[in-house]
K.L.:
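Pasting in a structure now, in structure tokens, and then I'll have a few things to ask.
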Amino acid sequence: EKAYKNYKLTVEYRWSGGEYGNQIGKSPDSGILYHSIGDDGGWLGIWMRCLEYNVIKSRTGDLLIVENSENKKNSPFSCSGIVDSQGRWQSDPYAKKDAAIVHLKGSGRINNRYRPPKPQGGFKHETPEVYPEKKEGQWNTCVLICDGDKVEHIFNGITVVQACNVTPTGGRIQLQSEGHGIEFRRVTLEPLPKVMS
């Protein structure tokens with residue numbers, strides 16, 4: 001119910017089976033919705049408008065802007081990041097020749113560094129061998145660090161996305177369920193330590 005900023009959020013989850021509605025046949029999908037503002041149901045009558053730490057089979061960690069199409073031009077949601085030609089976050093702008101800085105405003109996503117290419121002719125993605133996701137039925141750990149206008153998505157101990165110039169810099173937190181059985185546990189919210197100036 002409260003708005004938060006400058007925090008570390010830790011959430012453990014595992015998929016519990018079941019597919020429902022228009023999500024049948026698609027990759028299990030959920031999310032941690034943060035910096036949420038406005039009315040409940042402000043996004044298509046479902047969630048608050050927000051940023052998202054996407055929790056989705058084989059792709060957990062993507063950063064999305066969840067905004068209504070009519071608000072995109074004047075949206076308060078924005079962020080910047082370094083990505084390659086497939087929109088995957090890069091920790092070093094010089095590591096790949098196709099890396100570039102992107103500025104998102106009102107829509108868009110920064111894919112996690114391990115996200116595989118979009119599948120041809122289907123919805124399900126194959127999990128790449130280097131991806132840090134645990135086996136089916138085991139608990140995965142998502143850590144979200146929000147520090148001023150910077151955010152970091154950590155998945156099972158590995159930083160998979162970072163962004164800066166993030167607006168807004170705080171808001172409410174929502175846990176999403178999007179047509180697939182999911183369990184959450186050990187949800188902890190810790191303030192970041194204050195730095196002496």
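A quick note: this is a predicted structure, and the numbers were derived from the prediction, not measured. All residue numbers in this chain count up from 1 along the given sequence.
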K.L.:
Report the C-alpha separation of N54 and N112 in whole Å, then their side-chain angles, then the decisive distance to 0.1 Å, and conclude whether the side chain to side chain donor-acceptor pair (under 3.5 Å) test is met.
P.N.:
CA-CA 9 Å; N54 199 198; N112 81 71; over 6 Å; no
K.L.:
Between D84 and G87 (side chain of the first, backbone of the second, donor and acceptor by atom type, cut-off under 3.5 Å), is there such a pair?
P.N.:
yes
K.L.:
Keeping Q176 on the side-chain end and G31 on the backbone end, is there a donor-acceptor pair under 3.5 Å?
P.N.:
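Present.
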K.L.:
Could you report the tightest heavy-atom contact between K72 and G106, atom names first, then the distance?
P.N.:
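For K72 versus G106, the nearest heavy atoms are CG-O, 3.2 Å.
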K.L.:
Describe, in one word, how the ring planes of H35 and Y7 are oriented to each other, choosing from parallel (under 30°), tilted (30 to 60°) and perpendicular (over 60°).
P.N.:
perpendicular
K.L.:
Indicate yes or no for a side-chain donor-acceptor contact from R88 to the backbone of R115 under 3.5 Å, with no hydrogens or angles considered.
P.N.:
yes
K.L.:
Just verifying a value: how many Å separate K8 NZ and L192 CG, rounded to the nearest 0.5 Å?
P.N.:
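Separation between the atoms: 9.0 Å.
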K.L.:
Which distance, rounded to the nearest 0.5 Å, do you find between the CG of L104 and the CG of L64?
P.N.:
9.5 Å
K.L.:
Mind listing the closest non-hydrogen atom pair of I37 and P76 along with its distance?
P.N.:
CD1-CG, 3.6 Å
K.L.:
Please check this pair: side chain of N140 against backbone of R14, looking for a donor-acceptor N/O pair closer than 3.5 Å.
P.N.:
no
K.L.:
Please check if the side chain of N156 supplies one atom and the backbone of P132 the other of a donor-acceptor pair under 3.5 Å.
P.N.:
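Such a contact is found between N156 side chain and P132 backbone.
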K.L.:
Going by heavy atoms in the side chains, are E52 and I32 under 4.5 Å from each other?
P.N.:
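Result no, sub-4.5 Å side-chain heavy-atom pair not found.
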K.L.:
For C142 and Y13, work out which heavy atoms get closest and say how close.
P.N.:
SG-CE2, 3.6 Å
K.L.:
Answer yes or no: are there more than 12 heavy-atom neighbours, outside I101 itself, under 6.0 Å from its atom CD1?
P.N.:
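Open: at most 12 neighbouring heavy atoms sit under 6.0 Å from CD1 of I101.
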K.L.:
Kindly indicate whether the side chain of S30, heavy atoms from C-beta on, has any atom under 4.5 Å from the side chain of W15.
P.N.:
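S30 vs W15: side chains touch.
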K.L.:
For E152 and Q162, indicate whether the former's side chain and the latter's backbone hold a donor-acceptor pair under 3.5 Å.
P.N.:
no
K.L.:
Check G148 against N6 and note the closest heavy-atom contact, atom names and distance.
P.N.:
N-OD1, 2.7 Å
K.L.:
Hey, is E136 close enough to K57 for a salt bridge, meaning N to O under 4.0 Å?
P.N.:
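The answer is yes: the pair qualifies as a salt bridge.
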K.L.:
Can you confirm whether the side chains of S75 and E67 place a donor and an acceptor under 3.5 Å from each other?
P.N.:
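Result is yes, a qualifying pair exists.
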K.L.:
Work out which heavy atom in V161 is nearest to a heavy atom in D62; give both atom names and the distance.
P.N.:
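Residues V161 and D62, closest heavy atoms: CG2-CA, 4.5 Å.
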K.L.:
When you compare the side chain of L33 with that of Y53, does any pair of heavy atoms fall below 4.5 Å?
P.N.:
no
K.L.:
With the side chain counted from C-beta on, respond yes when N111 and W89 share a heavy-atom pair under 4.5 Å apart, and no when they do not.
P.N.:
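They are not in contact (no side-chain heavy atoms under 4.5 Å apart), so the answer is no.
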K.L.:
Aromatic rings H153 and Y34: how do their planes relate, parallel, tilted or perpendicular, breaks at 30° and 60°?
P.N.:
perpendicular
K.L.:
Look at atom NZ of K105 and say whether more than 12 heavy atoms of other residues, nucleotides or ligands are closer to it than 6.0 Å.
P.N.:
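Atom NZ in K105 is packed in, count exceeds 12.
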K.L.:
Any side-chain to backbone donor/acceptor pair from S36 onto R172? Under 3.5 Å, distance only.
P.N.:
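Checked: pair present.
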K.L.:
Does some side-chain heavy atom of R59 sit less than 4.5 Å from a side-chain heavy atom of S27?
P.N.:
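S27 vs R59: side chains touch.
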K.L.:
Would you say I158 and R113 make side-chain contact, with heavy atoms under 4.5 Å?
P.N.:
yes
K.L.:
Could you tell me which non-hydrogen atom of A99 sits nearest to which non-hydrogen atom of Q90, and how far apart they are?
P.N.:
CB-CG, 4.4 Å
K.L.:
Is there a donor-acceptor pair under 3.5 Å between the side chain of H180 and the backbone N or O of K26?
P.N.:
yes
K.L.:
Got L63 and R109 here, is their nearest side-chain heavy-atom distance under 4.5 Å?
P.N.:
no
K.L.:
Give a yes or no on this: more than 12 heavy atoms of other residues, nucleotides or ligands lie within 6.0 Å of atom CG of D39.
P.N.:
no
K.L.:
Would you give the length of the straight line joining atom CH2 of W47 to atom CD of E178, rounded to the nearest 0.5 angstrom?
P.N.:
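Here the interatomic distance stands at 4.0 Å.
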K.L.:
Looking at I154, is its backbone amide N or carbonyl O close enough to the side chain of T159 to form a donor-acceptor pair, meaning the two atoms are under 3.5 Å apart?
P.N.:
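No.
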K.L.:
Would you say that Q174 contacts C50 through its side chain, given a criterion of any heavy-atom pair below 4.5 Å between the two side chains?
P.N.:
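A side-chain contact under 4.5 Å exists here.
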K.L.:
Do the side chain of N68 and the main chain of E70 share a donor and acceptor less than 3.5 angstrom apart?
P.N.:
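Here the side-chain-to-backbone pair does not exist.
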K.L.:
Rounded to the nearest 0.5 Å, how far apart are CG of L189 and OG1 of T10?
P.N.:
9.0 Å
